[in-house]
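We use all heavy atoms of the structure for the numbers below, so side chains are in, but hydrogens, waters and symmetry mates are not. Quick note on labels: first sequence line is chain A, next is B, and so on, each numbered from 1.
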Amino acid sequence: MHPAPSVIIFSTISGLGFGLMLFLGLGLPDVSGWVAATFATVALGLATIGLLASTFHLGNPKNAIYAFSQWQTSWLSREGIMAVLTLAVFFIYAALWAFMDNRIPMLGYLASAMAMVTVFTTSMIYAQLKTVPRWNTAVTPLLFLLYASAGGALLSNQMTVALVLLGLIIAFQAMAWLQGDTALERSGSSIESATGLGDLGKVRLLEKPHSGENYLLKEMVYVVGRKHAAKLRVLALVLVALLPALLILLTDVNHVIVAIIMLSHIIGLFAQRWLFFAQAEHVVGLYYDAR
Amino acid sequence: MTKHHQPKLDTSPVVSDEIRRTTCYMCACRCGINVHMKDSKVKYIEGNRDHPVNKGVLCAKGSAGVMQHYAPSRLRNPMKRVGERGEGKFEDISWEEAFDIAVGLLKPIREKDPKKLAFFTGRDQSQSMTGWWAQNYGTLNYAAHGGFCSVNMAAGGIYTMGGAFWEFGAPDWDRAKLFMIFGVAEDHDSNPIKMGLGKLKANGAKIIGVNPIRSGYNAIADEWVGITPGTDGLFILSLIHELLKAGKVDLNYLIRYTNMPFLVNQVEGSDQFGLFVRDSDSNQLVWDRASNKAVPYETKGAKPAMSGMVEVDGVQCRPAFELLAEKYLTDEYTPEAVEERVGIPAARIRSIAADIARVAFDEEITLDIPWTDWKGEKHEKMTGRPVAMHAMRGISAHSNGFQTARALHVLQILVGSVEVPGGFRFKPPYPKSVEDHPKPHHTVTPGAPLNGPHLGYPRGPEDLCLEEDGSAKRIDKAFTWENPLSAHGMMHMVISNAHAGDPYKIDTLFMYMANMSWNSSMNTSQVMDMLRDKDEDGNHVIPNIIYSDAYSSEMVAFADLILPDTTYLERHDCISLLDRPICEADGLADSIRWPVVEPDRDVRGFQSVLIELGARLGLPAMVNEDGTAKFKDYADYIVNHERRPGVGPLAGWRGKDGEGKGRGEPNPEQLNKYIENGGFWHEDIEPTNAFYKPWNKGYQEWAVERGIFDKESPYVFTVYQEIIQKFRLAAEGHGDIQPPEHLREQVKMAMDPLPIWYEPFEQTLINKDEYPIHALTQRPMAMYHSWGTQNAWLRQIHGRNPLFISGELWAEHGFSEGDWAQVTSPNGTITVPVVLMEALNAKTIWTWNAIGKRKGAWALQEDAPETKEGFLLNYLISELLPAKKDGQRWSNSDPVTGQAAWFDLRVNIKRVDAPADLQTNPTFAAQESPVGKGPKDIAFGEEWK
Amino acid sequence: MTQLPTSTEKKLGLVIDLDTCVGCHACVISCKGWNTNEYGAPLSDMDAYGGDPSGTFLNRVHTFEAKQEGCASQTIHFPKSCLHCEDAPCVPVCPTGASYKREEDGIVLVNEDKCMGCGLCAWACPYGARELDEMAGVMKKCTLCVDRIYNENLPEEDRIPSCVRTCPAGARHFGDFADPESNVSKLVAERGGMDLMPEQGTKPVNKYLPPRPKADVNGTQAPALEAQSEEITGFLGWLDRTLEKI
Ligand SMILES: Nc1nc2c(c(=O)[nH]1)N[C@H]1C(S)=C(S)[C@@H](COP(=O)(O)OP(=O)(O)OC[C@H]3O[C@@H](n4cnc5c(=O)[nH]c(N)nc54)[C@H](O)[C@@H]3O)O[C@H]1N2
Ligand SMILES: Nc1nc2c(c(=O)[nH]1)N[C@H]1C(S)=C(S)[C@@H](COP(=O)(O)OP(=O)(O)OC[C@H]3O[C@@H](n4cnc5c(=O)[nH]c(N)nc54)[C@H](O)[C@@H]3O)O[C@H]1N2
Ligand code: SF4
Ligand code: SF4
Ligand code: SF4
Ligand code: SF4
Ligand code: SF4
Ligand SMILES: [Mo]
């Protein structure tokens with residue numbers, strides 16, 4: 001799939017925001033007043049920027065309002081609704097906490113839970129797609145949740161939790177990549193099944209329907225070099241998890257180190273998310289013999 | 001909330017304000033179209049269901065006509081060149097000035113030496129009119145594009161059976177059970193062939209595709225024969241060998257309807273050798289087995305012998321059939337003898353021959369339709385041999401194409417499948433024997449018309465267009481010993497001959513609708529140089545070039561004066577029975593185009609311009625006694641011109657009462673009648689007249705009534721072609737007009753009265769190991785030559801053209817995806833992207849025709865993919881062959897007809913890395929666009945939302 | 001609205017005959033011509049005369065080769081538009097309710113007045129049948145010419161999809177698959193009409209008729225004709241005998 005910057009930004013940044021909410025909702029770190037206000041603003045800000053970014057991806061944003069209507073079937077609709085509700089609940093929680101100095105734990109837990117549900121709905125937009133076998137697995141939501149909460153842990157300075165989450169990321173991400181590499185083969189779809197011509201022998205594309213570009217090719221058929229991707233995977237894991245984990249373990253985490261950790265994590269996250277899209281092969285590519 | 005609810009839709013939108021029905025011209029197939037008009041503009045085009053050609057269907061180009069009509073590349077004004085030739089710098093001028101310039105050039109030429117005007121028209125559908133104009137002007141240098149297109153097909157057919165494939169006839173799609181299609185990618189009969197294939201499929205008929213490339217029609221063929229290019233003749237003669245050997249020929253048919261029983265002079269060395277033996281009334285004779293004597297072939301009740309030497313008036317002679325049988329039964333034509341050269345295993349050749357025999361003879365069909373033959377004999381039934389064939393440029397565009405086309409017709413005739421149910425059928429005004437066609441005319445008189453039509457079918461050496469000294473009379477050297485039967489002229493030779501001053505220099509080259517500096521010339525780069533070239537005095541070697549195009553093509557850049565044409569929706573046109581007919585086998589039809597919209601630019605229909613130019617030049621048929629113009633415009637000509645009394649451009653609604661069909665005086669209401677009827681006129685042929693047309697009394701009578709003939713003209717098929725033998729006799733030293741020494745052998749070889757196969761010329765002159773590969777082009781179904789590219793929709797389908805490489809060559813040269821190749825012919829080198837194609841003759845590479853474009857043309861941006869990753873194979877092809885041993889360079893043409901041998905091309909290839917700039921080579925400096933560049937993004941239809 | 005109807009009265013769709021399609025692209029352009037003018041926003045062409053033209057088409061024709069080891073390769077032209085799936089995955093994913101499948105005839109459509117152009121439905125479609133129009137920003141797809149097939153302003157015989165009406169080879173058929181007696185149902189039964197990517201579970205309504213076996217690939221050869229004799233004299237003998245009979 002085409003790794004559209006707006007979608008990468010949306011899913012990473014809003015993930016961080018909701019991840020931070022998870023911890024703030026749990027009352028971590030234990031702060032108050034303007035410090036709490038700052039933390040809350042960061043969480044709200046990240047989530048909102050992320051959500052706004054997602055609208056850049058829309059061809060026709062003026063109809064975006066209808067996106068709240070189809071919660072019964074559509075994960076994207078659910079995500080929209082959950083995001084807004086979460087923002088609202090968290091906002092009330094945070095306002096009471098920061099300005100009234102009245103942190104209501106039950107409200108916080110609710111916000112935390114909702115933040116995670118929001119991240120889950122985001123992940124299901126991708127995980128539900130049978131057409132993208134690499135995404136169509138339970139590991140997808142798991143990873144989204146891990147990334148969001150790890151980022152939240154780092155942002156909220158919950159370094160021990162963060163260490164655990166980063167470790168899980170390394171394990172599950174590696175697994176997801178390895179499984180993902182064979183997902184299309186295992187899905188049962190092939191150029192033969194796509195064309196129904198398997199009985200005639202080995203099928204290959206002779207000519208694309210149009211020599212010109214088209215939406216499908218731009219959007220669904222994005223081909224990354226294998227070597228290039230392998231290197232990027234290593235780099236992504238190092239930056240997103242390994243380096244932050246090492247810094248937590250080996251250094252005395254001060255503000256500068258936190259900044260480095262966050263920078264590393266976010267760059268790693270972008271790389272991971274870029275790979276998430278760029279390496280996802282849509283079955284329509286079979287019609288173009290392009291993978 | 002769970003309730004499923006849907007928006008209300010308007011499922012009955014009003015499509016248009018009005019439908020105007022006219023004729024498509026996105027190609028030469030000429031389908032009927034319904035043009036939907038909204039707010040007086042063209043909105044949507046669909047096929048006309050009533051139309052005899054397409055019956056409602058429409059191809060991609062036809063539907064995309066909308067975008068052609070709105071193309072930003074449309075010329076807007078008459079223009080005068082201001083820069084150098086080829087640069088594309090022009091100044092807009094008025095029509096008055098344009099006419100002044102043209103008259104200034106053409107008047108003095110006409111008065112002094114009319115042949116100094118060379119008037120050649122390309123993809124033209126008004127040849128009867130442009131030819132008439134040129135004849136009145138008085139130059140003999142006129143032809144259309146047929147010489148580089150498919151004259152082998154036309155001439156091969158006319159000389160064998162009075163009609164050919166192509167526009168002359170078609171398979172009996174409804175009844176055929178076996179259909180063989182040779183060398184066709186698209187054809188002029190574009191939609192009818194597709195409709196026909198659909199019918200065959202629905203009826204469960206078998207389709208055999210003979211083509212080095214398995215795409216398009218060949219992709220759906222039930223059996224693909226991936227023949228080696230240039231060897232169809234050999235393959236066909238081998239099929240004939242098998243059929244003869246097994247006695248699977250229709251003797252009854254051959255005796256009745258062909259010249260196979262005719263007695264042929266066998267006196268070696270005589271000047272009559274190989275000619276038919278005649279009685280004192282010039283009747284060809286046959287040997288009557290009943291009376292044991294020679295009788296005229298039309299004698300009722302005669303039982304002609306088909307073999308055996310006899311003596312008639314002291315002359316040894318034999319039936320032509322025996323000569324044919326002897327020739328093809330030799331071991332030279334056994335499947336084993338040919339398999340290697342044709343690239344088809346012997347067993348498969350045998351199996352195809354068996355298929356033909358089975359369907360022709362075991363699956364014979366009969367129609368209970370009585371008919372009467374020209375001798376007055378009544379027949380209760382029509383017997384059909386449901387084997388049909390069709391062929392086009394795959395056999396035509398080779399230097400052995402004339403004889404190959406003849407071979408194919410002979411095959412059809414031997415199994416008795418021409419003009420019978422289930423077989424191949426002529427489309428009126430065909431069949432028409434060669435004797436009923438004109439001969440070429442070439443007597444030029446300053447200030448006066450030519451003595452007759454330019455083009456025709458020579459009947460012997462006396463009809464060649466030669467000066468006393470044997471040199472060519474025509475600038476294209478048509479009708480000379482190099483290519484005696486060049487019935488369509490040789491447009492591909494005009495520029496190089498005019499440039500070389502051989503046979504003479506010309507003054508003005510006047511062209512219409514032919515992209516001669518690009519895809520329609522062999523060796524594009526050299527032709528561009530010739531058009532630009534100047535002599536020592538700084539004058540152009542070809543002094544003046546007048547050109548009419550409708551769009552900003554490559555050729556426009558090379559002209560001195562541009563006469564901008566309208567688009568096909570903005571003018572009158574006439575698709576006449578006098579020209580290239582649109583009839584189907586079951587009926588007579590003709591059609592018009594009419595301005596469904598008026599042009600919004602200062603452009604004029606070219607035919608109207610020609611008529612006005614003719615009047616200004618005072619051409620006899622174009623002015624009244626008082627010197628005033630005889631015809632207001634082309635529409636006026638269409639209605640009022642009479643070729644022969646009562647016979648004019650259009651056959652429908654003639655006569656004062658509008659009841660005349662084919663004949664009748666001009667009817668001022670005629671065009672309106674056509675428009676009311678959907679732009680065409682059509683009449684069905686009675687079933688009793690619909691088959692056996694050359695021999696069917698009813699058909700012949702009807703043809704006379706409709707003005708096709710002035711008298712009934714039945715004839716028999718000329719399987720053995722005596723006319724061709726006359727040329728051979730001349731080469732053997734008989735008669736007054738003989739070929740020059742250096743051509744004797746070639747004429748003797750090629751002018752065989754029975755079909756032969758010989759190796760295509762180019763490959764006999766080169767080292768085949770050095771150039772082991774055949775290189776071909778195919779027409780894409782969704783593009784028309786160069787002019788589809790300006791169409792925003794079509795260019796997305798074919799915006800670049802890779803070179804397709806066979807699996808064998810791919811492996812041999814170590815290609816992989818994304819590679820490019822350097823392709824070299826004796827004539828040059830190109831560097832182009834490649835693609836693997838498995839279903840391809842092992843020794844063949846190919847590409848789509850005419851996708852590559854010059855930068856700056858067609859109102860495209862200069863980085864258009866057509867100019868970068870598109871290319872022409874034409875750079876590699878030359879109108880001249882590599883030098884012979886004696887140093888002579890002969891034209892790359894069929895030695896009989898002069899047909900350009902596009903597909904004889906031999907090359908070698910080399911794998912190369914893709915160039916960094918992904919630019920094919922060669923590439924040429926951009927031409928300036930006199931119409932600017934097209935807009936960036938478009939959303940057609942927006943204005944009606 | 002994004003819920004799929006539990007069942008539809010009719011199942012309208014196309015049969016595409018791969019044994020007959022010559023790959024002419026007529027259906028592609030006719031579809032473009034009709035639909036750019038009718039249903040919803042026009043089908044735009046970006047950089048229409050430039051270096052990178054790319055436009056919206058609702059129907060495109062691919063060309064494939066298929067080859068068995070040791071056999072000649074075959075070429076197959078392969079037109080593809082929306083298959084109007086019974087279990088259309090493109091519909092439930094739509095967040096706005098713009099995508100829907102009609103209850104009366106099963107046609108899958110996009111209501112452009114609601115579509116926000118998120119592209120998710122196109123992601124959900126395995127067949128590449130949906131294209132987001134770059135200029136209008138709304139999702140485009142084959143409408144099965146819903147504005148033709150019921151159009152009272154068109155003559156009865158023209159109330160068929162534009163692509164079907166135009167196909168010169170007659171490789172496209174339109175009809176109701178819910179009716180076992182319909183032309184399309186019969187064709188599917190006779191010719192073994194097949195689903196594309198059945199493993200995706202979409203239950204396409206449109207069906208494809210597979211190419212018939214090719215004589216040069218896996219067919220048998222006809223036995224050679226029996227010769228009259230190897231010699232020319234044998235032929236002449238046959239000739240005499242046969243002439244006596246006529
Ligand atoms: N390599 C290779 N080359 C080939 C062939 C091949 O098979 N292989 N085929 C050959 C054959 S058979 C042919 S016929 C030629 C065809 O080649 P051309 O005859 O050159 O055909 P077009 O490219 O269609 O160009 C015709 C010109 O007519 C112009 N035109 C279009 N419509 C109108 C109109 O309404 N009025 C006027 N006045 N002009 C108009 C176009 O703009 C264009 O400039 O190509 C030949 N070249
Ligand atoms: N869409 C579209 N239609 C057109 C045109 C167009 O440009 N576009 N042009 C029109 C014109 S001007 C013409 S002349 C006609 C031409 O119509 P076609 O004759 O169909 O034209 P080509 O595309 O040149 O196809 C030649 C075919 O012959 C095959 N071939 C080449 N060499 C051999 C051989 O030695 N043996 C056999 N058996 N096959 C061989 C090639 O593979 C190719 O398939 O089409 C007309 N119709
Ligand atoms: S075949 Fe196509 S382009 Fe040619 S006349 Fe017919 S519809 Fe027009
Ligand atoms: S119009 Fe018919 S034959 Fe042509 S590509 Fe489409 S389906 Fe195939
Ligand atoms: S083909 Fe694609 S767009 Fe059409 S209904 Fe099926 S899933 Fe939806
Ligand atoms: S692009 Fe439009 S129709 Fe498709 S899912 Fe998004 S809103 Fe729905
Ligand atoms: S049914 Fe209509 S919208 Fe669908 S592909 Fe055919 S022409 Fe296009
Ligand atoms: Mo041609």
Side-chain angles (χ1 to χ4, degrees), chain B residues 4 6-7 11-14 43-44 57-60 63-64 66 191 194-195 197-198 201 214-217 219-220 222-224 242 245-248 251-252 306-307 325 329 347 350-351 353-355 357 781-782 792-793 796-797 838-839 859-861 863-864 934 936-942, chain C residues 1 3 5 19-20 22-26 28-30 32-34 36-38 42 44-51 53 55 65 67 73-75 77 100 102-103 111 135 146-147 150-153 166 168-170 214-216 221-228 232 235-236 238-239 242-243 246:
Chain B
H4 174 93
Q6 310 174 166
T11 54
S12 290
V14 178
K43 178 183 169 190
Y44 171 66
V57 308
L58 207 63
C59 82
S63 300
V66 183
N191 279 332
K194 295 180 187 78
M195 291 153 71
L197 291 171
K201 285 281 181 182
R214 187 179 219 159
S215 66
Y217 305 158
I220 63 160
D222 301 288
E223 178 164 358
W224 173 59
E242 283 296 292
K245 209 167 78 177
K248 293 292 184 185
L251 282 183
N252 188 28
M306 292 296 265
S307 65
L329 278 169
R350 291 218 156 81
S351 141
D355 264 347
M781 292 184 190
W793 295 347
Q796 293 182 57
I797 299 179
E838 297 278 3
L860 299 182
Q861 299 295 330
D863 64 349
K936 186 135 177 65
D937 304 329
I938 57 174
F940 181 74
E942 184 119 66
Chain C
M1 272 167 237
Q3 255 169 4
D19 192 56
T20 304
V22 296
C24 68
H25 296 267
V28 176
I29 300 293
S30 179
K32 176 103 173 178
W34 174 263
T36 199
N37 277 304
E38 303 301 333
S44 68
D45 300 288
M46 311 303 280
D47 202 16
Y49 302 97
E65 287 197 311
K67 188 173 181 341
S73 180
Q74 304 185 45
T75 310
H77 301 289
Y100 65 104
R102 283 158 53 96
E103 243 167 354
N111 174 3
M135 193 182 283
V146 66
D147 42 13
Y150 302 113
N151 194 329
E152 281 158 18
N153 294 311
T166 213
K214 308 281 181 202
D216 63 298
Q221 290 184 348
L225 292 170
E226 210 172 302
Q228 293 300 319
I232 174 90
F235 174 76
L236 292 176
W238 166 83
L239 188 58
T242 315
L243 279 180
I246 340 185

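- Between Asp222(B) and Lys214(C), no side-chain nitrogen of the basic residue sits less than 4.0 Å from a carboxylate oxygen of the acidic one, so the salt-bridge criterion is not met.
- In terms of heavy atoms, Ala215(C) sits closest to Glu223(B) at CB-OE1, 3.6 Å.
- Going from atom OH of Tyr44(B) over to atom OG of Ser30(C) covers 4.5 Å, rounded to the nearest 0.5 Å.
- Looking at every heavy atom in both residues, Cys24(C) comes nearest to Lys194(B) through CB-CE, 3.7 Å.
- With a 4.5 angstrom heavy-atom cutoff, Phe235(C) touches chain B only via side-chain atoms.
- Judged purely by atom type and a 3.5 angstrom limit, Asn191(B) has no side-chain atom pairing as donor or acceptor with the backbone of Pro168(C).
- Counting heavy-atom pairs closer than 4.5 Å to chain C, the top-ranked of the candidates Ile938(B), Asp863(B), Leu329(B), Leu860(B) is Ile938(B).
- A distance-only check finds no donor-acceptor pair linking the side chain of Asn111(C) to the backbone of Pro7(B) [under 3.5 Å].
- Interface summary for chain C: among Asp355(B), Asn252(B), Leu197(B), the most heavy-atom pairs under 4.5 angstrom belong to Asn252(B).
- Within the model, atoms OG1 of Thr11(B) and CG of Asn151(C) stand 7.0 Å from one another, a figure rounded to the nearest 0.5 Å.
- Here the NZ atom belonging to Lys201(B) is positioned 5.5 Å from the OG1 atom belonging to Thr20(C), to the nearest 0.5 angstrom.
- Here the side chain of Ser63(B) pairs no donor or acceptor atom with the backbone of Ile29(C) at under 3.5 angstrom.
- When atom types are taken as modelled, the side chain of Thr36(C) and the backbone of Ala939(B) share no donor-acceptor pair closer than 3.5 angstrom.
- Atom OG of Ser307(B) is separated from atom CG of Leu239(C) by 4.5 Å, given to the nearest 0.5 angstrom.
- Closest approach of Gln796(B) to Asp45(C), counting heavy atoms only: NE2-OD1, 2.6 Å.
- In this structure, the portions of Val14(B) lying under 4.5 Å from any heavy atom of chain C include both its backbone and its side chain.
- Between chain C and the residues Gly941(B), Ala839(B), Ala859(B), the largest count of heavy-atom pairs under 4.5 Å involves Ala839(B).
- Although no hydrogens or angles enter the test, the distance criterion places a donor-acceptor pair under 3.5 Å between the side chain of Thr166(C) and the main chain of Leu58(B).
- Leu225(C) contributes atom CG, which lies 9.0 Å from atom NZ of Lys245(B) (distance to the nearest 0.5 angstrom).
- Both the backbone and the side chain of Gln221(C) come within contact range of chain B, each with at least one heavy atom under 4.5 Å from a heavy atom of that chain.
- Of the possible polar contacts, none joining the Arg102(C) side chain to the Gln6(B) backbone as a donor-acceptor pair under 3.5 Å is found.
- Residue Met46(C) touches chain B through both its backbone and its side chain, counting heavy-atom pairs closer than 4.5 Å.
- In this structure, chain B has heavy atoms under 4.5 Å from both the backbone and the side chain of Leu243(C).
- When each of Glu838(B), Lys248(B), Gln861(B) is scored by its heavy-atom pairs under 4.5 Å with chain C, the top score falls to Glu838(B).
- Listed options Ala227(C), Gly50(C), Pro223(C) were ranked by heavy-atom pairs under 4.5 angstrom with chain B; first place goes to Gly50(C).
- With sequence neighbours excluded, no residue forms a side chain to side chain donor-acceptor pair (under 3.5 Å) with Gln74(C).
- For the atom pair Met306(B) CE and Ile246(C) CD1, the distance stands at 7.5 Å (nearest 0.5 Å).
- Between chain C and the options Lys936(B), Glu942(B), Met195(B), heavy-atom pairs under 4.5 Å are most frequent for Lys936(B).
- Looking at His77(C), the atoms closer than 4.5 Å to chain B (heavy atoms on both sides) all sit in the side chain, from C-beta outward.
- Of the residues considered (Ser351(B), Ala64(B), Gly934(B), Ala219(B)), Ser351(B) shows the highest number of contacts with chain C, using heavy-atom pairs under 4.5 Å.
- The candidate from Val28(C), Asn37(C), Thr242(C) with the greatest count of non-hydrogen atom pairs under 4.5 Å with chain B is Asn37(C).
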